[in-house]
Amino acid sequence: MGKDTIADILTSIRNVDMTRKRVVRIAFTNLSESLVKILLREGFLENVRRHRENNKSFLVLTLRYRRKRNERYQNIRVLNLKRISRPGLRIYSNYQRIPRILGGMGIVILSTSRGLMTDREARLERIGGECLCYIW
C-alpha cells in the first residue's frame with residue numbers, strides 16, 4: 001500500500017472485480033469507511049462487514065454482480081472506477097460544475113466540508129469540493 005489510500009481502495013476493488021471474485025479485504029480507516037458506505041448505499045456493493053485480526057481492522061466487501069439471463073454462471077462486470085483527484089494534482093469543483101457521469105448513471109464521489117458525498121447530494125446541498133473518483 002502506498003500513500004494514496006483512495007487509489008489503493010479503488011485498485012483493490014478493481015483487481016478483485018477483474019478476477020471475478022466477490023470478496024475483497026481493505027484496510028480500515030475513517031476515509032475508507034465513508035467511501036464504502038457510499039458504495040453500499042448506491043448499490044455497487046452487496047455487503048460490508050468489519051473484521052479484526054491481530055489488532056488490525058479490515059473491511060470485508062462483497063461485490064454485487066448481475067447475471068445474464070441465458071448464461072447461468074456468466075458474471076457481468078459492473079464496476080468501473082477511475083481516480084480523478086490525486087496527491088500530485090488536486091481537482092476541485094463548485095456545485096454547478098460537478099461532472100455528470102454517463103448522463104447521471106454513474107456517480108462522482110466528492111470530499112466536501114461536510115464529509116464524503118455523491119454528486120447528487122452535493123448538488124442538492126449546493127456545495128462543491130474535491131472530485132475524488134468516478135464510478136459507473
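Remember, it's a predicted structure, so these values are computed and weren't measured experimentally.
In this structure Arg120 satisfies the salt bridge (charged side-chain N to carboxylate O under 4.0 Å, His left out) test together with Glu42, sequence neighbours excluded.
Side chain of Arg49 to main chain of Leu59: no donor-acceptor pair is present (N/O by atom type, distance under 3.5 Å, no hydrogens or angles). Not a single donor-acceptor pair under 3.5 Å links the side chain of Arg50 to the backbone N or O of Phe28. For Ser32 (side chain) and Ala27 (main-chain N/O), a donor-acceptor pair under 3.5 Å exists by modelled atom type. Judged by distance alone, the side chain of Arg83 and the main-chain N or O of Ser85 form a donor-acceptor pair under 3.5 Å.
Note: the hydrophobic cluster containing Leu31 does not contain Met117 (ILVMFWY, side chain heavy atoms under 4.5 Å, direct or indirect links). Put simply, Ile98 and Trp136 are part of the same group of oily side chains (I, L, V, M, F, W, Y) that touch within less than 4.5 Å, one to the next. Linking ILVMFWY residues whenever their side-chain heavy atoms come closer than 4.5 Å, directly or via other members, places Val48 and Ile135 in the same cluster. Two different hydrophobic clusters hold Leu40 and Phe58 under the rule that ILVMFWY side chains link at heavy-atom gaps under 4.5 Å. Under the 4.5 Å side-chain contact rule for hydrophobic residues, Ile91 and Tyr134 share a cluster.
Residues Glu121 and Arg41 are paired through a salt bridge, judged by an N-O separation under 4.0 Å between the basic side chain and the carboxylate.
Side chains of Leu39 and Leu61 form no contact here, defined as non-hydrogen atoms less than 4.5 Å apart. Taking 4.5 Å as the limit, some side-chain heavy atom of Leu45 sits within range of a side-chain heavy atom of Leu63. Two residues are said to be in side-chain contact when any heavy atoms from C-beta on lie closer than 4.5 Å; Glu125 and Tyr95 fail this criterion. At least one side-chain heavy atom of Phe44 sits less than 4.5 Å from a side-chain heavy atom of Ile107.
A distance of 11.0 Å separates CD in Gln96 from CZ in Arg123, rounded to the nearest 0.5 Å. Rounding to the nearest 0.5 Å gives a distance of 9.0 Å between CZ of Arg90 and OG of Ser111. Taking CG from Leu132 and CD1 from Ile84, the interatomic distance works out to 9.5 Å, rounded to the nearest 0.5 Å. Atoms CG and CD1, on Asn94 and Ile127 in that order, are 12.0 Å from each other to the nearest 0.5 Å. Once rounded to the nearest 0.5 Å, the distance linking CD1 of Ile6 with CG of Leu116 reads 7.0 Å. Expressed to the nearest 0.5 Å, how far OG1 of Thr5 lies from CD1 of Ile9 amounts to 5.5 Å.
Across all their heavy atoms, Ala122 and Leu110 have their closest contact at CB-CD1, 3.4 Å. Taking all atoms of both residues into account, the shortest heavy-atom contact from Cys133 to Leu10 is CB-CD1, 3.6 Å.
Side chains of Arg52 and Ser57: a donor on one and an acceptor on the other come within 3.5 Å.
When each of Leu81, Ile26, Asp17 is paired with Ser12, the side chain to side chain contact (heavy atoms under 4.5 Å, CB included) condition holds for Ile26 and for no other.
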